[in-house]
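Just so you know, these numbers use all the heavy atoms, side chains as well, and skip hydrogens, waters and symmetry mates. Bear in mind the structure is a predicted one, so any value in this text is a computation, not a measurement.
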Amino acid sequence: MLNLTTDITDFKGLIAAMGGPSGASDATGIDRRALCNMSSRNAASSVHWRDFAAGAAKRGIPVDERDFARWEALAKVERELAEAAERVAA
């Protein structure tokens with residue numbers, strides 16, 4: 001069972017919890033293909049954050065722009081760590 005307070009930790013998880021790209025599209029109004037791309041990149045432009053927040057609220061998912069900003073910051077740190085690890089390994 002999905003625990004909404006701990007299991008959704010990124011955009012990919014949010015899109016999945018909203019019913020995948022099709023369900024998320026229905027809830028947010030964002031194009032399904034764009035949502036597929038966002039899910040595969042595990043990132044979303046801040047232009048869409050309000051749509052995500054509204055769509056999540058429609059689905060009863062308690063997330064907002066603060067969560068999205070935190071996810072983006074964590075993803076940036078993860079990318080930087082991966083790049084540093086690659087440099088050290090080279």
What donor-acceptor contacts under 3.5 angstrom involve side-chain atoms of residues 29-38, with partners at least two apart or in another chain?
| unit_1 | atom_1 | unit_2 | atom_2 | d |
| --- | --- | --- | --- | --- |
| Asp31 | OD2 | Arg33 | N | 3.0 |
| Asp31 | OD2 | Ala34 | N | 3.2 |

Over all heavy atoms of both residues, which pair between Gly55 and Thr28 is shortest? Give the atoms and the distance, please.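 Where Gly55 meets Thr28 most closely, the heavy atoms are CA-CG2, 4.0 Å.
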So which heavy atom on Ala44 is nearest to which on Phe52, and how close?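 Minimum heavy-atom contact is CB-CE1, 3.6 Å.
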Could you name each residue pair satisfying ring-ring contact (aromatic ring centres under 6.0 Å, His included) that touches residues 70-90, not counting sequence neighbours?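 Applying ring-ring contact (aromatic ring centres under 6.0 Å, His included) to every pair that reaches into residues 70-90, excluding sequence neighbours, yields Phe11-Trp71, Phe68-Trp71.
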When clusters are formed from ILVMFWY side-chain contacts under 4.5 Å, directly or step by step, what else is grouped with Val88?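 Under the 4.5 Å side-chain rule, Val88 groups with nothing.
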Results of side chain to side chain donor-acceptor pair (under 3.5 Å) for [X] - residues two or more places apart only:
X: Arg66; value: Asp64
X: Asp26; value: none
X: Arg70; value: Asp67

Please list all pairs meeting salt bridge (charged side-chain N to carboxylate O under 4.0 Å, His left out) that have one or both residues in residues 10-24, counting only residues at least two apart or in different chains.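 Qualifying pairs: none.
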Applying salt bridge (charged side-chain N to carboxylate O under 4.0 Å, His left out) as the test, list every pair that has at least one member in residues 41-52; sequence neighbours left out.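 Sorted pair list comes back empty.
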Below 3.5 Å, can you tabulate the donor-acceptor pairs from side chains in residues 73-83 to any protein atom, sequence neighbours excluded?
none

With sequence neighbours excluded, what pairs up with Ala16 under the side-chain contact (heavy atoms from CB on, under 4.5 Å) test?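 In terms of side-chain contact (heavy atoms from CB on, under 4.5 Å), with neighbours along the sequence ignored, Ala16 is linked to no residue.
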Rounded to the nearest 0.5 Å, how far does OG of Ser22 lie from CD1 of Ile15?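 Here the interatomic distance stands at 11.5 Å.
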Under a 4.5 Å cut-off applied to non-hydrogen side-chain atoms, are Met18 and Ile61 in contact?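 Of all side-chain heavy-atom pairs linking Ile61 with Met18, at least one is under 4.5 Å.
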